[in-house]
Amino acid sequence: MRHSLCRAVFLSALLGTQTLSVAIAEPQDSPAEQNARALWHENITTGYQALATSAQALSDTATLYCNAPSEHTRQSLESHWREAFSNWQAVRFVDFGPIELDSRAWQLQFWPDPKNLVGTKARQLLSADAPINRQRVTDSGVAAEGFPMLEYLLFDAPFNQTEQALPGDRSCALLKATATVVNDNATDLSADWQALAEHYQATDSYTATTVRSAMTALDILVEKRLGEPMGLGSSQRRLVYAGDAWRSGQSLAAAEASLSGLQRYFLPGLIRELEHADQRGIANDLTDQFQATLARFDALPDDLASVLEDDQRYAQLQNLYISVQQLEQTLALQAAVALGIRQGFNSSDGD
């Protein structure tokens with residue numbers, strides 16, 4: 001299995017601290033806190049398993065399409081890409097543990113990409129004489145290894161007008177190799193997360209770590225994934241290319257999947273923590289805000305381009321932005337404070 005030695009060292013480093021972490025924990029976690037982490041681990045396991053299953057289906061469909069190209073197999077391939085990408089978005093908030101090994105998050109999704117390195121890598125690989133295989137892709141770096149490279153091959157309009165477009169031999173080779181890398185990473189990630197179960201549930205600091213990961217995910221959603229395309233960042237211009245899935249028209253669908261993932265995989269454990277802290281009011285507010293914010297996506301399409309070009313739809317997007325921002329504030333300024341958790345360093349700061 002790829003990176004087996006690195007994975008073993010990484011997991012050993014985590015698991016090897018278990019006895020010490022438990023021994024020095026003062027006071028010991030309450031049963032409710034342990035149950036919250038058990039619930040988080042169970043739910044995130046479900047999310048990672050869904051990602052691994054859909055990544056396998058994506059890889060299989062890539063091979064099927066290249067072996068028998070047709071409109072039907074192409075549509076099936078694009079559908080499997082959207083499903084796997086959505087499943088990745090749902091667990092994207094988890095920024096600790098096995099996802100940190102070998103920059104896995106970057107391998108799965110190289111973003112932001114303001115210099116279009118994904119497109120540059122694709123052109124380099126397709127125009128070179130060397131055979132395209134799995135090793136060639138991994139040697140080319142994170143811009144070549146993940147969902148954005150597959151998105152480029154499937155959905156980039158200018159590329160699909162060229163002679164190199166799918167199902168050309170070299171583009172199919174790149175498609176299959178990249179899909180294999182995505183599948184391998186998703187499979188390893190799921191297995192490594194399950195192996196972390198005992199350590200995660202026994203280590204009290206993971207409660208704060210898990211809450212902070214959700215806080216960071218919402219902050220990135222507000223500032224980077226919505227704010228930047230809306231022109232609320234440094235550019236002060238509406239920029240569809242600042243979205244994280246603009247080629248496939250899935251930027252808003254990806255944002256919705258991330259928020260839905262937080263609601264499904266993170267919120268239940270947080271509610272358990274808040275109820276234990278006698279903060280049922282905050283728990284109820286968060287539940288209502290998640291539901292109301294997700295409902296706002298129903299009035300919007302999956303893509304950003306049509307929204308940014310239409311003032312009426314842009315106004316709806318502004319309302320969505322405000323709802324996500326208010327949700328972020330409730331989590332950071334009320335829930336986290338009530339649990340005695342401070343926001344940590346955001347690795348996206350200073351990008």
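The aromatic rings of Phe159 and Tyr152 are tilted relative to each other, their planes meeting at an angle between 30° and 60°. Ring geometry for Phe147 versus Trp81: interplanar angle over 60°, hence perpendicular rather than tilted (30 to 60°). Using cut-offs of 30° and 60° on the angle between ring planes, the pair Trp193 and His41 is parallel.
Under the ring pair (Phe, Tyr, Trp, His ring centres under 6.0 Å) criterion, Tyr265 pairs with no residue at all, not counting sequence neighbours. For Tyr314, there are no ring pair (Phe, Tyr, Trp, His ring centres under 6.0 Å) partners two or more places apart in sequence or in a different chain. Residues passing the salt bridge (Lys or Arg N to Asp or Glu O under 4.0 Å) test with Asp298, sequence neighbours excluded: none. Residues forming a side chain to side chain donor-acceptor pair (under 3.5 Å) with Thr293 (at least two apart in sequence, or on another chain): none. The salt bridge (Lys or Arg N to Asp or Glu O under 4.0 Å) check on Arg280 picks up Asp278, with sequence neighbours excluded. By the salt bridge (Lys or Arg N to Asp or Glu O under 4.0 Å) test, Arg225 pairs with Asp244, sequence neighbours left out. Checked against side chain to side chain donor-acceptor pair (under 3.5 Å), Ser86 has no partners two or more places apart in sequence or in another chain. In terms of the side-chain contact (heavy atoms from CB on, under 4.5 Å) criterion, residue partners of Arg313 (sequence neighbours excluded) are, by chain and number, Pro301, Ser306, Val307, Asp310, Gln316. Take Tyr321 and apply the ring pair (Phe, Tyr, Trp, His ring centres under 6.0 Å) test, not counting sequence neighbours, and it matches no residue. Every residue two or more places apart in sequence or in another chain that forms a salt bridge (Lys or Arg N to Asp or Glu O under 4.0 Å) with Asp156 is listed here: Arg247.
Heavy atoms of other residues, nucleotides or ligands lying less than 6.0 angstrom from OH of Tyr241 number 12 at most. Around the CZ atom of Arg264, the shell of radius 6.0 Å holds no more than 12 heavy atoms that belong to other residues, nucleotides or ligands.
Taking 4.5 Å as the limit, every side-chain heavy atom of Val240 sits out of range of all side-chain heavy atoms of Pro229.
Listed by first and then second residue, the side-chain hydrogen bond (donor to acceptor under 3.5 Å, both in side chains) pairs that reach into residues 68-77 are Tyr65-Arg74, Ser70-Thr73, Glu71-Gln75, Arg74-Glu78, Arg74-Asn160, Ser76-His80, sequence neighbours excluded. Sorted pairs that involve residues 160-186 and meet ring-ring contact (aromatic ring centres under 6.0 Å, His included), not counting sequence neighbours, are lacking altogether.
Without hydrogens or angle criteria, Glu273 side chain to Ala36 main chain gives no donor-acceptor distance under 3.5 Å. Counting only distance, with no hydrogens or angles, the side chain of Gln89 and the backbone of Ala257 share no donor-acceptor pair below 3.5 Å. Between the Ser258 side chain and the Ala254 main chain, a donor and an acceptor come within less than 3.5 Å of each other. The backbone N or O of Gly168 sits less than 3.5 Å from a side-chain atom of Ser171, completing a donor-acceptor pair. Under the 3.5 Å distance criterion, the side-chain polar atoms of Thr45 are left unmatched by any main-chain donor or acceptor of Gln194.
Between Asp192 and Arg104 a salt bridge is recorded (basic side-chain N to carboxylate O distance below 4.0 Å). Salt-bridge check for Asp311 with Arg238: passed, with a basic side-chain N closer than 4.0 Å to an acidic carboxylate O.
A side-chain donor from one of Asn87 and Ser54 sits under 3.5 Å from a side-chain acceptor of the other. No side-chain donor-acceptor contact under 3.5 Å links Asp303 and Gln250. For the residue pair Arg92/Gln109, the side-chain donor-acceptor check at 3.5 Å is satisfied. Thr207 and Arg37 are linked by a side-chain donor-acceptor pair at a separation below 3.5 angstrom, with hydrogens and angles left out of the test. Residues Thr180 and Arg134 bring no donor and acceptor atom of their side chains to less than 3.5 Å of each other. There is a side-chain donor-acceptor pair under 3.5 Å between Gln56 and Asp60. A side-chain donor from one of Gln289 and Thr330 sits under 3.5 Å from a side-chain acceptor of the other.
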